[in-house]
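Read the structure below first, then the notes.
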There are 2 protein chains.
Amino acid sequence: MARKTKAEAEQTRHRIIECARMVFNRSGVNNTSLEEVAHAANVTRGAVYWHFKNKADLFQAVRAQTGRLLKLNSSSTGDALQRLQSGLLNALHRLESDAEARATFEVMLWKCEYVGEFTAVRNDLMKSGQDFLDEVTALYSEAHKNKILRPDVVPEIAGLETFFFFTGLLKIWLTTDNRSAIHRQTVAAIESHIATKRAESIHKKTH
Amino acid sequence: MARKTKAEAEQTRHRIIECARMVFNRSGVNNTSLEEVAHAANVTRGAVYWHFKNKADLFQAVRAQTGRLLKLNSSSTGDALQRLQSGLLNALHRLESDAEARATFEVMLWKCEYVGEFTAVRNDLMKSGQDFLDEVTALYSEAHKNKILRPDVVPEIAGLETFFFFTGLLKIWLTTDNRSAIHRQTVAAIESHIATKRAESIHKKTH
DNA sequence: AGATTTACATACATGTCTGTATGTAAATTC
DNA sequence: GAATTTACATACAGACATGTATGTAAATCT
């Protein structure tokens, strides 16, 4: 076959990543051969090995393409707790609407053995987890400063709690068969998670 | 080699399970060959295949030997929320003190691809997750009935929240390098998680 | 326009894993 | 105590995965 244009090569690379995500999600990362990925992408292993060093490298690319789920510092308004809540709800909404992101997280949380070459991937994952924790903690600190956080709630601890909570939520939500069936309860759990941390001051709008 | 006594055979079976847990934890379930397990247990693959149908079956045995982590209906006393809290703390404590249980959960949460034969294992896992959810929800219902739950907290939602929270806690805690360093904060997160759900009645002892 | 890369496809060498079939000597059964 | 299981070890067959080396025709560079 002829050499491809630079743009075509980039297309090929993207196709490999997308197909890798699909196949990983179907068969698991370790259980998937690069031959399967190549076949799904209509190329040979040669192409895969040209674009990526090995499977772990490919998996990192899959991860990188999806990126972070939570974006707290974006458009949303309101006090710190409201911003945190809508950040969490937005993340959930992205998972619901973005099938690719969902697949990526499904692979990361249920279809990958973090061992050997993949411990590096896990460290990466934990690093973005630490970022999540930092951002959430910062929001709780702001809430504390503004007296809208319950006085007996420590920002650092609350941040950790939310980190645990959302990690588990993702893990469980992703493996639930009928996700739309638990949508309402999941949203309610998020709202309740935040609401119970809010100081009981004068009359406040919950909604 | 000679045929083993029934008791010896049972010993062999146990040895295989324990070694499987170790090797799975080191190399991941999918990435581990039954030859490795057999070697670690000082037997051949013949023995492994005699005792277990295949790797998934062996993994189920590893899981079954460790059993559930949470035992809420046991000895602890106090009101529903106190019992829930000590149940969660006990589960954490078991993970800290019981290296085998820890290894099993590490494998289940970080070193296994739930795909193919292993989807059955995941279903099993989710079933015990559902049991957890039911028990926790029952405790919140009791707390609600006894007016010690915040009136704006719905037992079912709180149960779900706690389920998410503890699932994430396990996952994160198990992959943290220096676990003793985050012990205090983890305990505090559990306590805070429960405390924020308690109704603010008259004077109560937090400790 | 010629030289040089590039973007793969093909081929090769090697190792590994699985499941099953068969062998066997001693426990266990009757 | 003879017949039958049992608890494995050994052997076999087939598939499959990985990484690299090599080939090649067309882009891209100069």
Side-chain angles (χ1 to χ4, degrees), chain A residues 1-20 22-24 26-62 111-113 115-121, chain B residues 1-20 22-24 26-62 111-113 115-121:
Chain A
M1 292 226 170
R3 175 180 172 190
K4 298 293 173 55
T5 249
K6 227 174 181 181
E8 286 173 320
E10 193 57 27
Q11 254 184 354
T12 303
R13 187 188 138 92
H14 264 67
R15 194 151 25 94
I16 291 174
I17 291 179
E18 283 171 29
C19 292
M22 280 178 44
V23 183
F24 285 167
R26 210 184 315 143
S27 310
V29 177
N30 226 292
N31 201 33
T32 294
S33 68
L34 292 185
E35 165 63 29
E36 290 178 73
V37 174
H39 181 79
N42 258 325
V43 291
T44 64
R45 269 169 51 242
V48 177
Y49 274 103
W50 197 88
H51 283 287
F52 307 95
K53 186 185 165 193
N54 53 30
K55 209 184 342 187
D57 189 37
L58 173 56
F59 182 43
Q60 283 282 28
V62 170
K111 319 277 184 77
C112 181
E113 300 178 358
V115 163
E117 309 261 0
F118 291 91
T119 38
V121 185
Chain B
M1 294 229 171
R3 174 180 172 191
K4 299 292 173 57
T5 248
K6 226 173 180 181
E8 285 174 320
E10 192 57 28
Q11 253 185 354
T12 302
R13 187 188 138 92
H14 264 67
R15 193 149 27 93
I16 291 173
I17 292 178
E18 284 172 29
C19 292
M22 281 178 44
V23 182
F24 285 166
R26 210 184 316 143
S27 310
V29 177
N30 227 295
N31 202 33
T32 294
S33 68
L34 291 185
E35 166 62 28
E36 291 178 72
V37 174
H39 182 77
N42 258 323
V43 290
T44 64
R45 268 171 51 242
V48 177
Y49 273 103
W50 196 88
H51 284 287
F52 307 96
K53 186 184 166 191
N54 52 30
K55 207 178 357 182
D57 189 34
L58 173 56
F59 182 43
Q60 282 282 27
V62 170
K111 319 279 183 71
C112 181
E113 300 177 357
V115 163
E117 309 262 1
F118 290 91
T119 37
V121 185

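Side-chain atoms are counted along with the backbone in the values below, which use heavy atoms only and exclude waters and symmetry mates. Chain naming here is simple, since letters A, B, ... match the order of the sequence lines and numbering starts at 1 in each.
With rounding to whole Å, A/N30 atom CG is found 12 Å from C/dC17 atom P. If you measure from atom CD1 of A/I16 to atom P of C/dC8, you get 7 Å, rounded to the nearest angstrom. Spacing between atom CD of B/E10 and atom P of D/dC8 amounts to 10 Å, rounded to whole angstrom units. With rounding to whole Å, A/E35 atom CD is found 15 Å from D/dA15 atom P. Counting to the nearest Å, the P atom of C/dT16 and the CG atom of B/N31 are 13 Å from each other. Rounded to an integer number of Å, the gap from B/K6 NZ to D/dT6 P is 8 Å. The distance between atom NZ of A/K4 and atom P of D/dT28, rounded to the nearest whole Å, is 13 Å.
Between A/E113 and B/V29, some side-chain heavy-atom pair lies under the 4.5 Å cut-off. Side chains of B/L58 and B/L34 form a contact here, defined as non-hydrogen atoms less than 4.5 Å apart.
Remark: side-chain polar atoms of B/K55 are not paired, donor with acceptor, to backbone N or O of B/E117 under 3.5 angstrom. Between the B/T119 side chain and the B/V115 main chain, no donor and acceptor come within less than 3.5 Å of each other.
Of the two residues near DNA chain D, B/E8 and A/S33, the one whose nearest nucleotide lies more 5' is B/E8.
Phosphate proximity of C/dC8 to A/T12: present, with a side-chain N or O under 4.0 Å from OP1 or OP2. Proximity of A/T5 to the phosphate of C/dA7: no side-chain N or O atom is located under 4.0 Å from OP1 or OP2.
Annotation: proximity of residues 39-55 of chain B to DNA chain C (heavy atom, distance under 4.0 Å) is found for B/R45, B/Y49, B/K55, numbered in ascending order.
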Please output the side-chain donor-acceptor pairs of residues 8-20 of chain A that fall under 3.5 Å, not counting sequence neighbours, one pair per line with the distance.
residue : atom : partner : partner atom : Å
A/E8    : OE1  : A/T5    : N            : 2.7
A/T12   : OG1  : A/E8    : O            : 3.0
A/H14   : ND1  : A/E10   : O            : 3.4
A/R15   : NH1  : A/A41   : O            : 2.5

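Contact detail for A/F118 and A/A56: the closest heavy-atom pair is CE2-CA, 3.7 Å.
Considering CG of A/N31 and CZ of A/F24, their distance stands at 11.0 Å, rounded to 0.5 Å. Atoms CD and OG1, on B/E35 and B/T44 in that order, are 8.0 Å from each other to the nearest 0.5 Å.
Atom CD of B/E36 is surrounded by more than 12 heavy atoms from other residues, nucleotides or ligands within 6.0 Å.
Residue side chain B/R3 does not reach the base of D/dA7 through any donor-acceptor N/O pair under 3.5 Å, judged by distance alone.
Summary of helix geometry: the two end axes of the helix from C/dA1-D/dT30 to C/dC30-D/dG1, each defined by five base pairs via their C1' atoms, are inclined to each other by 30° (rounded to 10°).
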